[in-house]
There are 2 protein chains.
Amino acid sequence: MKEQGAKERIISTACDLFYKQGYQATGINQIIEEAGIAKASLYQHFPSKEALLNEYLLITRLNNYEHLLQFTAKMHPGKQKLMGLFECRLERMETSNFKGCAFIRIAYELPGLNQEATAQVHAHTQGLKTFIEEQLLVIKHSFPKGELREMTDMLLNLYEGAGLQGYIQRSVKPMEDTKKVVRKLIATL
Amino acid sequence: MKEQGAKERIISTACDLFYKQGYQATGINQIIEEAGIAKASLYQHFPSKEALLNEYLLITRLNNYEHLLQFTAKMHPGKQKLMGLFECRLERMETSNFKGCAFIRIAYELPGLNQEATAQVHAHTQGLKTFIEEQLLVIKHSFPKGELREMTDMLLNLYEGAGLQGYIQRSVKPMEDTKKVVRKLIATL
DNA sequence: ACCAACATATACAGACTTGTCTGTTTTAAA
DNA sequence: TTTAAAACAGACAAGTCTGTATATGTTGGT
């Protein structure tokens, strides 16, 4: 039994490099070298570099979401899980050395994104939105539809804005400050 | 008298293309072709493509700021100018066909940004922060220092978060919704 | 033991990139 | 009119990139 199949090595190496260095800055040759496979093997599993990109986005999205669920698994639904979203991001900012959100990076790096990749970016955002909305509904069961939406969007904007500022400044401070503000915001609900 | 000097044509063409297509996707050859100048002329004015990038960021930052000042020139300082910030961005989102903020795009496109370029990105963010803070101080003259800072950061996060969502969705809706929320937020001050 | 599937290494094609270089032509001022 | 700076055209170097092709080797299932 092998340690890991060639395809798995390709994918995990590509995911690593695409996130660490960016998609454009990562060449096929670097991927095959670090994965320890032959170039022909790569093109047997993936028809193009773009196919690797789509696989990268899909896997990263599932991983991110899974990580969020595990991170907040033992928290109480509602306020605690909502704060957990921010804490989870804080943790990832540090462990990733402020590399930023994979989906936003791709969206800015490649203005002309293919359909499938675009769908992954949207799915990621929608996932965040849904998570926030669910917690808000737990906090305040009788949320008027319009206000729920408004609050969800606002929290998402704060979350993304703080993530962006943190990325630019290479600091957790914007996210920590935002966490405090959010705590105050949802305290009044 | 010439219509425009070679250097000016280089800069304006580079700024256009860097913003429209991205920095990496724009080659030197395309710049000289569309500017209608010779390659040797470009390298007589700029030592490298990276020097052009720095010039692009500097000029874009000054232009953006100038545009904001003109856009809000006839507005009353305080709430009106603060809302003007969001309206100004809304206008630019449409005229630029949702190309996003030049500085954020560069920050994500080139993870290893040179010192001067990084400084321009920071200066841009700081400019926004200062603008917001100034308007807040007009609105509420006796703002406690900590709360002023908190409110400034929050508004900046909302602004950037909405800009990001608008970019991803290619829609003005997130920014419009955020504008409404901000109006409510500052109404209570 | 054999065969098919998969990996391997490596060379190659063709198209791109930034930046250099040579030599000619235009322009402006003295 | 002479002179010097600047812009021109375009070939070229040296390297990058993705993707293909060839030819050899390994491995697991029947």
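Here is how names work: the chains are called A, B, and so on, in the same order as the sequence lines, proteins then strands, and each is numbered from 1.
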Q: Consider the side chain of A:Ser41, meaning its heavy atoms from C-beta on, and name the nucleotide among C:dT22, C:dT8, D:dT18 that approaches it most closely.
A: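 Among C:dT22, C:dT8, D:dT18, the one nearest the side chain of A:Ser41 is C:dT8.
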Q: Cation over ring, B:Lys49 on B:Tyr23, under 6.0 Å and within 45°?
A: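 Yes, B:Lys49 and B:Tyr23 form such a contact.
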Q: Starting at CD of A:Gln44 and ending at C1' of D:dG19, how long is that distance when rounded to a whole Å?
A: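 Distance check: A:Gln44 CD to D:dG19 C1' gives 14 Å.
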Q: Nearest-nucleotide wise, let me know which of A:Ile32 and A:Lys7 is further upstream toward the 5' end of DNA chain C.
A: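 So the residue in question is A:Lys7.
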Q: Can A:Val181 be reached from B:Val182 by stepping across I, L, V, M, F, W or Y side chains whose heavy atoms are under 4.5 Å apart?
A: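 Yes, because B:Val182 and A:Val181 connect within a single hydrophobic cluster, where side-chain heavy atoms sit under 4.5 Å apart.
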Q: Could you check how far CD of B:Gln24 sits from P of C:dT18, rounded to whole Å?
A: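 Result: 10 Å.
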Q: Just checking, is any N or O donor in the side chain of A:Glu55 or A:His45 under 3.5 Å from an acceptor N or O on the other one?
A: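 Checked: A:Glu55/A:His45 side chains show no N/O donor-acceptor pair below 3.5 Å.
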Q: Please give, in whole Å, the distance from D:dG25 P to A:Ile37 CD1?
A: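 Atom CD1 in A:Ile37 sits about 20 Å away from atom P in D:dG25.
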Q: Determine whether the aromatic ring centres of residues A:Tyr167 and B:Tyr108 are separated by less than 6.0 angstrom.
A: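 Ring centres of A:Tyr167 and B:Tyr108 closer than 6.0 Å.
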Q: Can you tell me the distance, in whole Å, between the OH atom of A:Tyr43 and the C1' atom of D:dT20?
A: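 For the pair A:Tyr43 OH and D:dT20 C1', the rounded distance is 9 Å.
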Q: Of all the nucleotides listed (C:dT18, D:dT22, D:dT20), which has the minimum atom distance to the side chain of A:Ala40?
A: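 Nearest nucleotide to the side chain: D:dT22.
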Q: May I have the distance from B:Leu42 (atom CG) to C:dT18 (atom P), rounded to whole angstrom?
A: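 Spelled out: CG on B:Leu42 to P on C:dT18 is 10 Å.
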Q: Of the options B:Glu160, B:Glu94, B:Lys179, which is the one that meets B:Arg89 in a side chain to side chain contact (heavy atoms under 4.5 Å, CB included)?
A: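 Among the candidates, only B:Glu160 passes.
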Q: For B:Glu50 and C:dG19, give me the distance from atom CD to atom P, rounded to whole Å.
A: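 So the two atoms are 9 Å apart, to the nearest Å.
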Q: Would you state whether a donor and an acceptor, one from the side chain of B:Lys39 and one from the base of C:dG19, lie under 3.5 Å apart?
A: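 Answer is yes: a donor-acceptor pair is held.
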Q: Consider the side chain of B:Arg9, meaning its heavy atoms from C-beta on, and name the nucleotide among D:dT18, D:dC8, C:dA7 that approaches it most closely.
A: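 The listed nucleotide nearest to B:Arg9's side chain is D:dC8.
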Q: Taking only the side-chain nitrogens and oxygens of B:His45, find out if one of them lies under 4.0 Å from OP1 or OP2 of D:dA6.
A: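 No, outside the criterion.
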Q: What nucleotide, of D:dA9, C:dA9, C:dG19, holds the atom closest to the side chain of A:Ala38?
A: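 The answer is C:dA9, which lies nearest to the side chain.
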Q: Take atom CD of B:Glu33 and atom C1' of C:dC16, then tell me their distance rounded to the nearest Å.
A: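 That distance rounds to 14 Å.
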Q: Nearest whole angstrom, please: distance from the P of C:dC16 to the NZ of B:Lys49.
A: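 Atom NZ in B:Lys49 sits about 15 Å away from atom P in C:dC16.
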